[in-house]
Student: 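This is the structure, below, for whatever I ask next.
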Amino acid sequence: MTFYLVSLLKFFFSAKCKGAKDNNHLLYKPYSNAIIAKEPTSLEEEIKEIRRSGSNRDLDHASEFEMSDIFYFCRQGVESIMDDEVTKRFSAEELESWNLLTRSNYNFQHISLRLTVLWGLGVVIRYGFLLPLRVTLAFTGVGLLVVLTSIIGFLPNGRMKNFLSEQVHLMCYRICVRALTAIITYHDSENKPKNGGICVANHTSPIDVIILASDGCYAMVGQIHGGLMGVIQKSMVKACPHIWFERSEVKDRHLVAKRLSDHVEDKTKLPILIFPEGTCINNTSVMMFKKGSFEIGSTVYPVAIKYDPRFGDAFWNSSQFGMVNYLLRMMSSWAIVCSVWYLPPMTREEGEDAVQFANRVKAAIARQGGLVDLLWDGGLKRGKVKDTFKEEQQKLYSKMLVGTQEDRSRS
Amino acid sequence: MGSRASTLLREEEIEEIKKETGFSHSQITRLYSRFTSLDKGENGTLSREDFQRIPELAINPLGDRIINAFFPEGEDQVNFRGFMRTLAHFRPIEDNEKNKDPTASEPLNSRSNKLLFAFRLYDLDRDDKISRDELLQVLRMMVGVNISDEQLGSIADRTIQEADQNGDNSISFNEFIKVLEKVDVEQKMSIRFLH
């Protein structure tokens with residue numbers, strides 16, 4: 001496997017160099033994390049600084065409002081237009097150099113004939129050879145899962161059933177892993193989630209589930225879908241208890257919390273697998289964790305998943321592609337390479353509420369995976385930001401104006 | 001394998017933008033990629049909604065005014081040239097511009113043009129005067145619901161009183177410049193680029 005990866009990398013590198021020599025155009029964009037430098041100062045500090053530079057009066061007589069105050073908001077606004085922390089998380093990560101997949105081609109300006117030939121060769125290999133092979137494997141894996149779990153469903157509940165169910169699940173997921181040519185490195189397996197616990201991980205794609213479930217057995221949580229997905233879900237639950245919700249039940253937070261806590265209390269049941277971000281993020285950052293899973297009060301096993309974008313971008317941009325389209329793209333990439341870290345279990349501490357606990361877990365996952373830790377809600381992918389954030393800024397600024405007026409009336 | 005955007009940036013265009021705005025080649029290509037990522041409709045222009053999709057801008061109290069600054073009078077779409085022209089106001093001022101053409105017009109990022117940008121955020125009707133009402137509107141946007149009308153009114157009155165020199169109860173651009181003459185506009189209204 002590693003031979004395959006190493007030779008691929010050499011291939012990309014040689015393609016890059018050859019192209020660059022032919023022309024003095026840039027073959028690839030200069031890689032940079034940010035285009036502008038942002039100073040992390042607070043509203044109060046910045047505005048005070050602006051005022052200080054503008055007047056030679058003592059700060060004691062600082063006026064309530066200066067016309068220069070808007071400079072702060074002005075610059076913040078234009079900075080966010082040039083580069084903001086959120087919108088770039090919902091589209092695929094930009095690569096340093098092109099990996100010969102058309103889909104990863106952002107502003108890479110093709111130049112040479114050589115590169116085109118290499119690309120063509122890549123297409124033939126990927127679509128002519130790899131894709132059919134992988135699709136067959138995928139069908140086998142899924143088919144076996146459905147059939148075998150249904151058969152196991154007929155067995156009486158007991159250790160034999162659980163054992164068989166685990167084996168079947170593991171085997172089928174492993175076939176699916178092969179179907180994607182996913183090359184996974186697991187770290188710190190001693191921290192693997194145990195029964196009665198909740199496993200939380202950052203979410204990049206539906207493949208996350210396959211990756212984790214091929215190394216351990218989990219109880220899945222999710223909404224019941226129709227179609228093929230629904231068939232798979234219904235047969236899985238015959239073999240061992242997963243938590244599937246009807247669409248109508250998903251909104252009822254109490255119901256969800258009750259079912260989850262009932263499940264974790266039963267120590268014979270498998271650990272629950274949850275993705276608290278609630279949506280797929282592009283694997284450069286971890287966004288806000290929804291606090292629901294952290295209120296339940298059982299041990300949390302954090303897991304960090306990081307994909308290597310050079311071989312195939314695993315991010316599922318659900319507003320751009322449907323599931324089938326996405327899977328086809330996955331199966332026609334070079335490979336899916338990722339690392340999984342099992343982090344040591346965490347529990348909620350005294351005096352810590354669910355939100356703080358969630359943030360603590362999120363920070364640990366971000367640190368391990370080398371991802372940016374953001375407070376923004378993944379829901380911003382589709383929805384508007386709440387007005388409360390703007391109101392906070394307005395409140396902060398008002399304090400600066402009104403605060404001084406109170407001092408005045410005192411003196 | 002062209003880029004995803006249907007309109008690639010041509011070298012001539014980059015040169016023109018360079019002359020007009022003073023951005024470097026790499027800054028222009030980087031900002032072009034930003035422009036295309038904001039352009040959800042993929043038609044080569046940005047609308048107000050495209051800007052409002054940026055959460056950090058949506059929570060900025062003056063967000064709408066700033067967005068307005070990108071759109072010329074009466075228009076709803078801004079192309080890449082216009083985008084860059086507005087952003088150019090925030091380029092840092094370099095002391096020695098060796099290739100300065102003596103006959104060229106004032107650069108977009110001069111102190112005076114930076115102040116004009118800020119002035120236009122106040123002066124909504126573009127009549128070159130900041131009236132009491134316009135000042136109140138901006139103040140109201142910045143403080144939200146946290147300050148009463150009377151207090152805000154007195155703040156506005158005081159500000160106009162201090163700045164107004166010709167007694168017309170509004171602030172002209174020259175009066176605006178005078179009030180801010182000691183402020184380090186060059187630094188506060190500039191954004192540092194990493195290339």
Side-chain angles (χ1 to χ4, degrees), chain A residues 26 29-30 32 34-37 46 49-50 53-56 63-88 91 94 102 105-110 116 119 376 380 384-385 387 389-395 397-399 401-402 405, chain B residues 1-5 8 26-27 29-34 36-38 51-63 66-67 87 89-90 117-118 121-122 138-139 141-147 151 155 158-159 163 171 176 179-180 182-185 187-195:
Chain A
L26 288 172
K29 271 186 2 304
S32 57
I35 181 174
I36 52 181
E46 266 294 304
E49 227 191 278
I50 300 178
S53 75
S55 75
N56 45 12
S63 62
E64 333 152 283
F65 168 71
E66 293 278 358
M67 298 210 78
S68 56
D69 286 350
I70 63 162
F71 289 174
Y72 170 75
F73 293 111
C74 213
R75 185 163 85 172
Q76 289 290 100
V78 178
E79 274 179 357
S80 68
I81 290 177
M82 288 192 191
D83 188 13
D84 79 296
E85 282 302 316
V86 183
T87 53
K88 59 190 180 191
S91 59
E94 296 183 0
T102 320
N105 190 352
Y106 310 104
N107 295 334
F108 294 134
Q109 298 169 340
H110 95 273
T116 320
W119 175 76
W376 295 96
L380 290 171
K384 281 199 170 350
V385 64
D387 281 331
F389 294 106
K390 191 193 273 197
E391 288 159 17
E392 270 172 39
Q393 294 229 3
Q394 288 170 330
K395 212 182 271 174
Y397 182 64
S398 311
K399 269 210 206 94
L401 299 193
V402 170
Q405 205 174 46
Chain B
M1 300 116 271
S3 119
R4 241 180 358 166
L8 260 180
S26 64
Q27 286 167 354
T29 44
R30 200 68 177 78
L31 285 170
Y32 183 67
S33 121
R34 172 69 172 166
T36 44
S37 74
L38 291 174
F51 283 100
Q52 275 153 1
R53 227 175 270 121
I54 304 172
E56 287 163 30
L57 187 61
I59 66 169
N60 189 316
L62 292 180
I66 297 171
I67 294 175
L87 289 183
H89 286 94
F90 287 83
F117 186 89
L121 285 184
Y122 284 108
V138 174
L139 278 169
M141 287 175 90
M142 290 199 279
V143 306
V145 300
N146 299 294
I147 299 186
Q151 253 184 325
I155 292 178
R158 220 181 310 239
T159 312
I171 306 176
F176 186 70
V179 171
L180 297 173
K182 293 205 188 66
V183 175
D184 186 4
V185 177
Q187 212 257 314
K188 292 304 164 188
M189 288 280 277
S190 292
I191 296 180
R192 200 158 55 90
F193 287 85
L194 287 174
H195 304 289

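So you know, we letter chains A, B, ... as the sequences are listed, proteins then strands, and number each from 1.
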Student: Look up atom CZ in B:Phe90 and atom CE in A:Met82, then write down how far apart they are to the nearest 0.5 Å.
Tutor: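 Between B:Phe90 CZ and A:Met82 CE, I get 7.5 Å after rounding to 0.5 Å.
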
Student: Using a cut-off of under 4.5 Å for heavy-atom pairs, which of B:Gln52, B:Gln187, B:Glu56 has the most such pairs with chain A?
Tutor: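 Most heavy-atom pairs under 4.5 Å with chain A: B:Glu56.
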
Student: Hey, could you give me the CZ/CD1 distance between A:Phe65 and B:Ile155, rounded to the nearest 0.5 Å?
Tutor: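 Going from CZ on A:Phe65 over to CD1 on B:Ile155, the span is 8.0 Å.
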
Student: Of the non-hydrogen atoms in A:Gly77 and B:Ile66, which two are nearest, and what is the gap between them?
Tutor: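 The pair with the smallest heavy-atom distance is CA-CD1, 3.8 Å.
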
Student: As an exercise, state the distance from CE of B:Met142 to CG of A:Leu401, rounded to the nearest 0.5 Å.
Tutor: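 The distance works out to 7.5 Å.
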
Student: Using heavy-atom distances under 4.5 Å, tell me whether B:Arg34 contacts chain A through its side chain, its backbone, both, or neither.
Tutor: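 For B:Arg34, the contact with chain A is made by the side chain alone.
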
Student: Could you tell me whether the side chain of B:Asn60 and the main chain of A:Phe73 form a donor-acceptor pair under 3.5 Å?
Tutor: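 Checked: pair present.
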
Student: Taking all non-hydrogen atoms of both residues into account, name the closest pair between B:Leu180 and A:Ser68 and its distance.
Tutor: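 Minimum heavy-atom separation between B:Leu180 and A:Ser68: CD2-CB, 3.5 Å.
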
Student: What are the two closest non-hydrogen atoms of A:Lys390 and B:Ala58, and how far apart are they?
Tutor: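 Heavy-atom minimum between the residues: CE-O, 3.2 Å.
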
Student: CD/A:Gln76 to CD1/B:Ile191 distance, rounded to the nearest 0.5 angstrom?
Tutor: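 Reported to 0.5 Å precision, the distance equals 9.0 Å.
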
Student: Measuring from B:Ile147:CD1 to A:Gln394:CD, what's the distance to the nearest 0.5 Å?
Tutor: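 If we round to the nearest 0.5 Å, B:Ile147:CD1 and A:Gln394:CD are 10.5 Å apart.
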
Student: So for B:Ile54, is it side chain, backbone, both, or neither that comes closer than 4.5 Å to the heavy atoms of chain A?
Tutor: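 Its backbone and side chain both get close to chain A.
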
Student: Give, as side chain, backbone, both or neither, the part of A:Glu85 having an atom under 4.5 angstrom from any heavy atom of chain B.
Tutor: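 Both backbone and side chain of A:Glu85 come within 4.5 Å of chain B.
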
Student: Identify which part of B:Leu31 has an atom lying under 4.5 Å from any heavy atom of chain A, answering side chain, backbone, both or neither.
Tutor: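 The answer is both parts of B:Leu31.
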
Student: Which residues pass the side-chain hydrogen bond (donor to acceptor under 3.5 Å, both in side chains) test with B:Asp184, sequence neighbours left out?
Tutor: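 Residues passing side-chain hydrogen bond (donor to acceptor under 3.5 Å, both in side chains) with B:Asp184: none at all.
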
Student: Quick one: which of A:Ile81, A:Thr87, A:Asp69, A:Val78 has the most heavy-atom pairs under 4.5 Å with chain B, could you say?
Tutor: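 Top option by heavy-atom pairs under 4.5 Å: A:Ile81.
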
Student: By a 4.5 Å heavy-atom criterion (distance strictly below it), what part of B:Leu38 contacts chain A: side chain, backbone, both, or neither?
Tutor: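 Looking at B:Leu38, just its side chain touches chain A.
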
Student: If you count heavy-atom pairs under 4.5 Å between each of A:Leu380, A:Val86, A:Asp84, A:Val385 and chain B, which one has the most?
Tutor: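 Of A:Leu380, A:Val86, A:Asp84, A:Val385, A:Asp84 has the most heavy-atom pairs under 4.5 Å with chain B.
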
Student: Of all residues at least two apart in sequence or in a different chain, which pass the salt bridge (Lys or Arg N to Asp or Glu O under 4.0 Å) check with A:Glu49?
Tutor: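 For A:Glu49, the residues satisfying salt bridge (Lys or Arg N to Asp or Glu O under 4.0 Å) (neighbours in sequence not counted) are B:Lys188.
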
Student: Using a 4.5 Å cut-off on heavy atoms from C-beta on, say whether the side chain of A:Met67 contacts that of B:Ile171.
Tutor: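 The answer is yes; the side chains approach within 4.5 Å.
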
Student: If we only count heavy atoms from C-beta on, is the A:Cys74 to B:Met189 side-chain gap below 4.5 Å?
Tutor: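 The answer is yes, as the side chains (C-beta and beyond) meet within the 4.5 Å cut-off.
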
Student: Based on non-hydrogen pairs under 4.5 Å, which of B:Ser190, B:Ala163, B:Gly63 is most in contact with chain A?
Tutor: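 Among the listed options, the one with the most contacts to chain A is B:Ser190.
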
Student: Distance check, rounded to the nearest 0.5 Å: A:Trp376 atom CH2 versus B:Ile59 atom CD1?
Tutor: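 Between atom CH2 of A:Trp376 and atom CD1 of B:Ile59 there are 4.0 Å.
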
